[in-house]
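The next block holds one structure in the form of structure tokens; read it before the comments.
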Amino acid sequence: MNPLNKLIVLTLPAVPKLIVGHFAKRYIAGDSFDDAARAVRNLNASSMMATVDLLGEDVTTLDEAIAARKAYEKILSAFEVQQLDSNLSVKLTQLGLKLNKQFCTDNLVEILEVARQQRNFVRIDMEDSSCTDDTLEIYRSVRRLFDNVGVVIQAYLRRSEVDVCELIKEKVNVRLCKGIYVEPEEIAFQGQEEVRENFVKLLDLLLRNRCYVGIATHDDTLIGAAYGMLQSMKFDRHEYEFQMLLGVRHDLRSSIVQSGHRMRIYIPFGRHWYAYSMRRLKENPQIAGYILKSIFTRDRAA
Ligand code: FDA
């Protein structure tokens, strides 16, 4: 671990919540759905789509999981009423995955039904490797019933090529990202170049099989590679999208949109932002470096 990032992570708990909040603000829309709706509206006005995530994974009771499901249903209705161009990103541990797999699946099905009525779409985020098998299994089971659902593949996982080869048979709608959790070498590529190479390989496989891909990265090298593949395989702009996180690389996202590609921004919101930020920082101290960088650069959130 980079010693500076390590130092930031170690000292963060001593930093007043107000100060952490000042920097988290860049990456999180706010406490309430109104904050998220405002962020979606701003993005829509700049020709970008959104995907909204209600913070709060790893619930510990079934009641919390039911509350999360109800909150997601309300969010879907608000998208419709307020005519916001946004879909949902959900984490299965928030819907009860670690408590009861069948209960989690049923909870997800209820969200998917509401989304289908509103012609909206739900993306199942991919969490750490303890969830990969269950997440793919639940995705497959709901995909048989719904076509408004997609999943995420993490390029750093060694297993992902096998998973992609299986998923392309079902014409999967996939978000491809590098992967954010710290995973052991046995299961995940560790080097930046290895992860990039695998990302390119998986993207090529998915696009060649005409799967819809959410190309989720802020990495110039990967975006350049994606441009090349999309052009040579003659993709129409509605057959894929780029995706980025709220608050990250506004320069890049504008240039992608200006080049005629569609862009969707991931918008986390919710009261649990502090616990979420601290957990993310502990899981992956590299993010601490990004935060430090954001303090000193001019690429500020709009
Ligand atoms: P990389 O980390 O190399 O970043 C490239 C450059 O972008 C950096 O040099 C830096 O300038 C900038 N940057 C990247 N992340 C930043 C940040 N947080 N703050 C500030 N600057 C940053 N992961 C996962 O495991 N499961 C999931 O479901 C998802 N979902 C998801 C959705 C969307 C829309 C995105 C964009 C990403 C995810 N991720 C994710 C996270 C993903 O796996 C990955 O950790 C980050 O996107 C960072 O990887 P990059 O490809 O951007 O490269």
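If you're wondering where the values come from, they're calculated on a predicted model, not measured in any experiment. Counting starts at 1 for both ligands and their atoms, following the listed order.
For the residue pair Arg116/Asn148, the side-chain donor-acceptor check at 3.5 Å is not satisfied. Using modelled atom types and a 3.5 Å distance limit, the side chains of Thr61 and Asp63 yield no donor-acceptor pair. Under the 3.5 Å distance criterion, with hydrogens and angles disregarded, a donor-acceptor pair is assigned to the side chains of Asp35 and Ser32. If you check the side chains of Thr60 and Glu64, you find a donor sitting under 3.5 Å from an acceptor.
Under the salt bridge (Lys or Arg N to Asp or Glu O under 4.0 Å) criterion, the residue pairs touching residues 258-277 are Glu241-Arg264, with sequence neighbours excluded.
Which parts of ligand 1 touch Tyr181 is read off a 4.0 Å heavy-atom cut-off, strictly below it: atoms 25 (O). Ligand 1 places these atoms under 4.0 Å from at least one heavy atom of Thr217: 50 (P), 51 (O), 52 (O). The Tyr27 neighbourhood of ligand 1 comprises atoms 19 (N), 20 (C), with distances under 4.0 Å to a heavy atom of that residue. For ligand 1, the atoms lying closer than 4.0 Å to a non-hydrogen atom of Asp125 are 28 (O). Which parts of ligand 1 touch Gln154 is read off a 4.0 Å heavy-atom cut-off, strictly below it: atoms 24 (C), 25 (O), 26 (N). Residue Ala216 approaches ligand 1 through these ligand atoms, each under 4.0 Å from one of its heavy atoms: 33 (C), 35 (C), 36 (C).
If you check each of His218, Lys178, Arg253 against atom 53 (O) of ligand 1, the one with the closest non-hydrogen atom is Lys178. Nearest to atom 41 (C) of ligand 1 by heavy-atom distance, out of Ile180, Ile153, Ile215, is Ile180. Of the listed residues (Ile223, Ile267, Val248), the one carrying the non-hydrogen atom nearest atom 22 (C) of ligand 1 is Val248.
For ligand 1, the polar-atom distance check against Val152 finds no nitrogen or oxygen pair separated by under 3.5 Å. Note: no N/O pair closer than 3.5 Å links Arg249 and ligand 1 by distance alone. Looking at Met126 next to ligand 1, an N or O pair under 3.5 Å apart turns up. Among the atoms of Cys177, none of the N or O lies under 3.5 angstrom from an N or O of ligand 1. Inclusion of Tyr156 in the set of residues having an N or O under 3.5 Å from an N or O of ligand 1 is not warranted. The shortest N/O to N/O separation between Gln243 and ligand 1 does not fall below 3.5 Å. Considering backbone and side-chain N/O of Tyr266, none are found under 3.5 Å from N/O of ligand 1.
Proximity of Arg175 to ligand 1, defined as any heavy-atom pair under 4.0 Å, is confined to the side chain (atoms from C-beta onward).
Between Phe242 and Tyr227, the ring planes lie perpendicular to each other; the angle is over 60°, past the 30° to 60° tilted range.
Looking at heavy atoms from C-beta onward, Phe235 lies in side-chain contact with Arg210 at the 4.5 angstrom threshold.
Between the side chain of Arg38 and the backbone N or O of Arg41, no donor-acceptor pair lies under 3.5 Å.
Partners of Glu185 by salt bridge (charged side-chain N to carboxylate O under 4.0 Å, His left out), not counting sequence neighbours: none found.
The six-membered or imidazole ring of Tyr27 lies away from that of Tyr266, with a centre-to-centre distance of 6.0 Å or more.
Residue Phe199 places every heavy atom at 4.0 Å or more from ligand 1.
Rounding to the nearest 0.5 Å gives a distance of 9.0 Å between CG of Leu245 and SG of Cys177.
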